There are 2 protein chains.
Amino acid sequence: MKMNDNRSRLIEIAEGSVQRSGLKALSFRTLADEVGIKSSSVHYHFPEKSDLARTLIEQYRDKLFVELNGIATSGGSLRTQFLAFVDVFGGTAQDNRVCLLCMMASEFAALNASNQVLLANVFTNLENWLANLFDSRREELATQLSSQQMARLVMSGLEGALLIDRVMHDSERLDTQKTALLQLMK
Amino acid sequence: MKMNDNRSRLIEIAEGSVQRSGLKALSFRTLADEVGIKSSSVHYHFPEKSDLARTLIEQYRDKLFVELNGIATSGGSLRTQFLAFVDVFGGTAQDNRVCLLCMMASEFAALNASNQVLLANVFTNLENWLANLFDSRREELATQLSSQQMARLVMSGLEGALLIDRVMHDSERLDTQKTALLQLMK
DNA sequence: GTCTATAGGCTGATAGAC
DNA sequence: GTCTATCAGCCTATAGAC
């Protein structure tokens, strides 16, 4: 398993670039330059830009769920697992990055049909993970909201918070979302 | 006052385009075509693209605050004014649009320094409007959160909800944010 | 897998006529 | 204010050599 081959490096660099500036702002040339190859070689790995987009979404999803499965397996209280979930998202949003899914969502109109469906499915998967967490520990919930409502509340709150916090050069909104949502848990 | 002059039409069409696809995806040529003039004429009104971006943010801000000032003036309960605030934001997000500020935030890295500051100031203004509302009716708040925390919670929750709801082709997250936030008010 | 070379199109921006 | 004409640069994508 070669972790440092060019394909992996392309994905890694493209991921950071999309999280900072979006897919539209990323060119095959710039991407190639940063890896030290030519743009035509990038097309060998990703024939069209939509192929790169699909790969980025899939890999981001897979990386997230590796961590989320770890959280679910190790158990812990609802509050503990919720905070771990928040850390997974906040962790991908350092250095002027926001969540890759959020950037893709903002460029939704430019995605082809299959990538639009893929992106929607990832959001569904994440909300389902959260809903399952809230369901399995309903006795630790201190709210009338359903597990699914809680899941949607968390996802939308986190994505919006990361987006605005980057503009404001602080983390006040992410901190506030954490505080507010914790008050819905025992 | 000419409401239909080309400058106004350019702004109106550009606003919708940015809310759907972002600033980067909007070209002077496409914009000119939709108004029925040439791209060089667009440059007469907005010498550089950053001038267009600044105008769009300022006009969007001004339109929002016309409505928000109306809400504040007519008074009403906290819940009433909060729901009116949500409607102002939700109202700008029909037909595959999201909030223009949210799109600008997602393209933050591509904005020049002064537009970055302008955008941050608009978010601050909106949070301050909300914080003032919560302050002036603190007795109707049913939470330990401060007025400023409530303001940040609302803004980030709404922006994230609109963004993800567009991907999911529903309005579940906006509805859930409304429901959840209302439970923090008497 | 990577390269050179290139096609064909779009982009922001400008000069100068009217 | 709008036009024609144009520029230099960037973009995605492909053909074909190695």
Side-chain angles (χ1 to χ4, degrees), chain A residues 1-18 20-57 59 103-104 106-116, chain B residues 1-18 20-57 59 103-104 106-116:
Chain A
M1 183 176 64
K2 296 182 291 182
M3 296 296 287
N4 288 14
D5 60 16
N6 283 340
R7 186 174 198 276
S8 302
R9 293 178 63 204
L10 285 169
I11 295 173
E12 183 186 357
I13 291 173
E15 181 182 271
S17 178
V18 169
R20 288 186 187 83
S21 314
L23 188 65
K24 182 106 187 175
L26 173 65
S27 79
F28 275 49
R29 271 179 175 75
T30 302
L31 183 53
D33 285 346
E34 294 194 46
V35 173
I37 59 178
K38 294 297 174 180
S39 68
S40 55
S41 302
V42 179
H43 279 283
Y44 168 80
H45 296 287
F46 307 101
E48 302 185 10
K49 207 173 184 184
S50 58
D51 297 311
L52 176 59
R54 175 178 40 75
T55 302
L56 290 176
I57 297 171
Q59 163 150 335
M103 293 300 294
M104 293 290 187
S106 77
E107 296 181 284
F108 185 71
L111 299 179
N112 66 18
S114 68
N115 281 336
Q116 288 186 346
Chain B
M1 184 176 63
K2 296 181 292 182
M3 297 296 286
N4 288 14
D5 62 351
N6 283 341
R7 187 173 198 277
S8 302
R9 293 178 63 204
L10 285 168
I11 294 173
E12 184 187 356
I13 291 174
E15 180 182 272
S17 178
V18 169
R20 287 187 188 84
S21 314
L23 187 66
K24 182 106 188 174
L26 174 64
S27 79
F28 275 50
R29 273 178 173 72
T30 302
L31 183 54
D33 285 346
E34 294 194 45
V35 173
I37 59 178
K38 294 297 175 180
S39 69
S40 54
S41 302
V42 179
H43 279 283
Y44 167 81
H45 295 287
F46 307 100
E48 302 184 9
K49 207 173 184 182
S50 58
D51 298 311
L52 176 59
R54 176 177 39 75
T55 302
L56 290 176
I57 297 171
Q59 163 151 333
M103 292 301 296
M104 293 290 186
S106 77
E107 296 181 284
F108 186 69
L111 299 179
N112 66 19
S114 67
N115 281 336
Q116 288 186 346

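Keep in mind that this is a model prediction, so the values were computed, not measured.
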_To check you understand the geometry: which heavy-atom pair defines the closest contact between A:V18 and A:M103, and what is its length?_
O-CG, 3.3 Å
*asked:* If I take atom CG in residue B:L10 and atom P in nucleotide D:dG1, what distance separates them, rounded to the nearest angstrom?
replied: 12 Å
*Specify the closest pair of heavy atoms between B:L23 and B:K49, including all atoms of both residues, with the distance to one decimal.*
O-NZ, 3.0 Å
*asked:* Tell me the interatomic distance from A:Y44, atom OH, to D:dA17, atom C1', rounded to whole angstroms.
replied: 16 Å
*So which of residues 26-34 of chain B are in contact with DNA chain D, with a heavy-atom cut-off of under 4.0 Å?*
B:R29
*Taking atom types as modelled and ignoring hydrogens, do the side chains of B:D33 and B:T30 form a donor-acceptor contact shorter than 3.5 angstrom?*
no
*Of the nucleotides D:dT12, C:dC3, D:dG1, which one has an atom closest to the side chain of A:K38?*
C:dC3
*Which pair of heavy atoms, one from A:L111 and one from A:M104, lies closest together, and at what distance?*
CD1-O, 3.9 Å
*Quick one: does B:S40 reach the base of D:dT4 with a side-chain donor-acceptor pair under 3.5 Å?*
yes
_Whole angstroms only, please: what is the CG-C1' distance between B:D5 and D:dT2?_
14 Å
*Which nucleotide sits closest to the side chain of B:S41: D:dC3, C:dT2, D:dG1?*
D:dC3
*What's the CZ-P distance between A:F46 and C:dT2, to the nearest Å?*
11 Å
*Closest-nucleotide 5' rank along DNA chain C - winner of B:L23 and A:G36*: A:G36
*Using a 4.5 Å cut-off on heavy atoms from C-beta on, say whether the side chain of A:L10 contacts that of A:I37.*
yes
_Looking at every non-hydrogen atom in both residues, tell me the closest pair between B:S50 and B:N115 and how far apart they are._
O-ND2, 3.2 Å
*Kindly state each residue pair satisfying ring pair (Phe, Tyr, Trp, His ring centres under 6.0 Å) with at least one member in residues 21-54 of chain A, sequence neighbours excluded.*
A:F28-A:H43
*Once you build an axis from the first five pairs and another from the last five of the helix from C:dG1-D:dC18 to C:dC18-D:dG1, how far apart in angle are they, to 10 degrees?*
10°
*asked:* Let's see if you can work this out: which of D:dG1, C:dG12, C:dC3 has an atom nearest to the side-chain heavy atoms of A:I37?
replied: C:dC3
*Would one find a side-chain N or O of B:N6 under 4.0 angstrom from OP1 or OP2 of D:dT2?*
yes
_Minimum side-chain heavy-atom gap A:V42-A:V35 below 4.5 Å_ = no
*In whole Å, what is the span from the NE2 atom of A:H43 to the P atom of D:dA15?*
12 Å
_If you only use heavy atoms from C-beta on, which nucleotide in C:dT14, D:dT2, D:dA13 is closest to the side chain of B:H45?_
D:dT2
*Ignoring hydrogens and angles, tell me if any N or O in the side chain of B:Q116 forms a donor-acceptor pair with the backbone of B:F108 under 3.5 Å.*
yes
*Return the value, rounded to whole Å, for the distance between atom CZ of A:R7 and atom C1' of C:dT2.*
16 Å
